[in-house]
Protein chains: 2
Amino acid sequence: MSATTTDTVELGLQITDETCCVPASGDKVLQLTEAELLAARFKALSDPNRLRILSIVSSSEELETCVCDLSEPLGLKQPTVSHHLKILVDAGILHREKRGVWAYFSVVPGALESLASSLLPKN
Amino acid sequence: MSATTTDTVELGLQITDETCCVPASGDKVLQLTEAELLAARFKALSDPNRLRILSIVSSSEELETCVCDLSEPLGLKQPTVSHHLKILVDAGILHREKRGVWAYFSVVPGALESLASSLLPKN
DNA sequence: TCGAGACATCGACATTCGTCGATGTCTACT
DNA sequence: AGTAGACATCGACGAATGTCGATGTCTCGA
């Protein structure tokens with residue numbers, strides 16, 4: 001509850017002398033919790049090796065890849081690859097499916113598209 | 001070079017025993033330097049306060065904002081805001097223009113769109 | 001039942017990051 | 001000239017990140 005008629009802030013600004021510009025148009029601003037959610041997903045994309053993992057996974061024949069195929073082309077050890085995969089899975093970008101001994105990864109349908117649209121105006 | 005009629009890898013794989021899946025389809029993989037460039041731009045978006053800065057700047061009246069208007073709604077001190085702005089400018093996402101005492105920031109036209117398209121298939 | 005292998009998790013380490021007080025630089029006004 | 005104010009830069013601090021060896025867990029075949 002904000003109370004006391006502070007519903008909109010749009011005209012509440014009393015410009016006395018020289019405030020340089022408009023005070024951020026009140027509540028159109030991205031909320032902190034929403035920003036944290038978005039930032040977490042972009043953080044998953046903020047590592048070159050994770051982008052290469054996405055590139056490999058999304059371009060593979062069956063749109064599925066297992067860890068053993070990622071370690072070599074990336075030049076990373078297995079624990080590191082697993083670590084990156086976990087981050088991408090936790091971000092909702094990759095899907096993990098365990099079949100027998102191997103774990104297969106695929107891009108979650110629409111995940112990257114939804115992230116991309118959040119960058120565009122009017123999202 | 002894969003060479004020797006490996007136009008498609010589908011059947012080129014000589015499964016001797018149990019290789020789990022295809023070996024990452026060779027050179028379709030995102031190059032490391034290119035991945036680093038992309039990752040650096042996503043890293044600029046991987047902080048909630050920077051996303052809120054982008055939200056404020058892109059929704060302001062004149063599509064321009066100065067530092068003094070950002071500090072208060074973000075709840076951050078001025079050096080911190082300047083730091084985030086520098087990161088966004090260095091990433092090529094924001095444009096800085098100094099007019100008199102104030103510095104005005106605006107979103108570089110096409111910057112976010114180009115980043116968004118890099119997320120989509122066939123980019 | 002046992003061992004090999006694929007993958008996840010843990011612990012450690014160097015590096016990077018976000019934040020802010022202190023200080024520097026530059027512009028405009030008196 | 002001198003002062004006030006907006007913004008950048010510096011230095012420091014705790015927290016988070018990327019990497020990997022060591023180890024754990026689970027599945028499959030012998």
Side-chain angles (χ1 to χ4, degrees), chain A residues 16-23 32 35-36 39-54 57 64-91 94-106, chain B residues 15-24 32 35-36 39-54 57 64-91 94-106:
Chain A
T16 51
D17 34 358
E18 329 99 312
T19 41
C20 67
C21 34
V22 289
L32 182 56
E36 282 170 343
R41 299 167 71 194
F42 281 124
K43 188 171 297 183
L45 300 178
S46 71
D47 181 272
N49 285 320
R50 285 199 288 273
L51 290 179
R52 299 180 80 197
I53 287 177
L54 277 182
V57 169
E64 282 184 329
T65 319
C66 62
V67 179
C68 57
D69 287 335
L70 292 170
S71 185
E72 196 176 301
L74 293 174
L76 297 176
K77 300 298 180 181
Q78 175 264 323
T80 305
V81 175
S82 273
H83 174 241
H84 285 312
L85 286 168
K86 177 175 172 51
I87 289 177
L88 289 169
V89 169
D90 289 347
L94 281 190
H95 169 73
R96 161 186 282 127
E97 182 183 355
K98 193 112 183 220
R99 286 207 298 269
V101 186
W102 289 289
Y104 293 87
F105 293 85
S106 56
Chain B
I15 301 182
T16 51
D17 30 357
E18 327 98 313
T19 42
C20 66
C21 36
V22 289
L32 182 56
E36 284 170 342
R41 300 167 70 195
F42 281 123
K43 186 170 298 183
L45 301 178
S46 71
D47 181 271
N49 286 319
R50 286 198 287 273
L51 290 180
R52 300 179 80 198
I53 287 177
L54 277 183
V57 170
E64 281 183 330
T65 318
C66 62
V67 179
C68 56
D69 287 336
L70 292 170
S71 185
E72 194 175 302
L74 293 174
L76 296 176
K77 299 297 180 182
Q78 175 263 324
T80 306
V81 175
S82 273
H83 173 240
H84 286 312
L85 286 168
K86 177 175 171 50
I87 289 177
L88 289 169
V89 168
D90 288 348
L94 282 190
H95 169 73
R96 162 187 280 128
E97 182 183 355
K98 193 109 183 223
R99 285 206 301 268
V101 186
W102 288 290
Y104 292 87
F105 293 86
S106 55

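Just so it is clear, the model here is predicted, and its values are computed rather than measured. In the text below, chain A, chain B and the rest are named by the order of the sequence lines, each starting its count at 1.
- Atom-to-atom, CZ of Arg99(A) to P of dC7(C) comes out at 12 Å; the value is rounded to the nearest Å.
- Regarding Tyr104(B), its OH atom lies at a distance of 13 Å from the P atom of dA8(D), rounded to whole Å.
- Atom CG of Leu94(B) sits about 11.5 Å away from atom CD1 of Ile87(B), to the nearest 0.5 Å.
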- Note on the structure: The contact string for nucleotides 20-27 of chain C, one letter per nucleotide 5' to 3', using protein heavy atoms under 4.0 Å with B, S and - for base, sugar-phosphate only and none, comes out as BBB----S

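- If you take CG on Asp69(A) and CH2 on Trp102(A), they are separated by 10.0 Å, rounding to the nearest 0.5 Å.
- Distance check: His83(A) NE2 to Leu88(A) CG gives 10.0 Å after rounding to the nearest 0.5 Å.
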Just distance, no hydrogens or angles: give the donor-acceptor pairs under 3.5 Å from side chains in residues 71-82 of chain B, sequence neighbours left out.
unit_1	atom_1	unit_2	atom_2	d
Ser71(B)	OG	Leu76(B)	O	2.5
Gln78(B)	NE2	Ser82(B)	OG	3.4

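- Protein atom NE2 of His84(B) is 14 Å distant from nucleotide atom C1' of dT16(C), rounded to whole Å.
- At the heavy-atom level, Ile87(A) lies under 4.0 Å from the strands shown only through sugar-phosphate atoms.
- Distance CZ/Phe105(A) to CD/Glu97(A): 10.5 Å, rounded to 0.5 Å.
- Rounded to 10°, the angle separating the first-five-pair axis and the last-five-pair axis of the helix from dT1(C)-dA30(D) to dT30(C)-dA1(D) equals 20°.
- For the pair Arg96(B) CZ and dT9(D) C1', the computed distance is 11 Å after rounding to whole Å.
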Using a 3.5 Å cut-off and no angle test, enumerate the donor-acceptor pairs between side-chain atoms of residues 44-52 of chain B and protein atoms at least two apart in sequence or in another chain.
unit_1	atom_1	unit_2	atom_2	d
Ser46(B)	OG	Lys43(B)	O	2.7
Asp47(B)	OD1	Asn49(B)	N	2.8
Asp47(B)	OD1	Arg50(B)	N	3.2
Arg50(B)	NE	Ala44(B)	O	2.8
Arg50(B)	NH1	His84(B)	ND1	3.0
Arg50(B)	NH2	Lys43(B)	O	3.2
Arg52(B)	NE	Leu30(A)	O	3.0

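- By the salt bridge (charged side-chain N to carboxylate O under 4.0 Å, His left out) test, Lys86(B) is found to be paired with Asp90(B), residues two or more places apart in sequence or in another chain being considered.
- Atom CG in Leu85(A) sits about 13 Å away from atom C1' in dA6(C), given to the nearest Å.
- Atom-to-atom, CH2 of Trp102(A) to P of dC26(D) comes out at 19 Å; the value is rounded to the nearest Å.
- Within residues 42-54 of chain A, no residue has a heavy atom under 4.0 Å from DNA chain C.
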- Candidate pair Leu70(B) and Leu85(B), rule side-chain contact (heavy atoms from CB on, under 4.5 Å), full reasoning: CA-CA 10 Å; Leu70(B) 292 170; Leu85(B) 286 168; 4.0 Å; yes

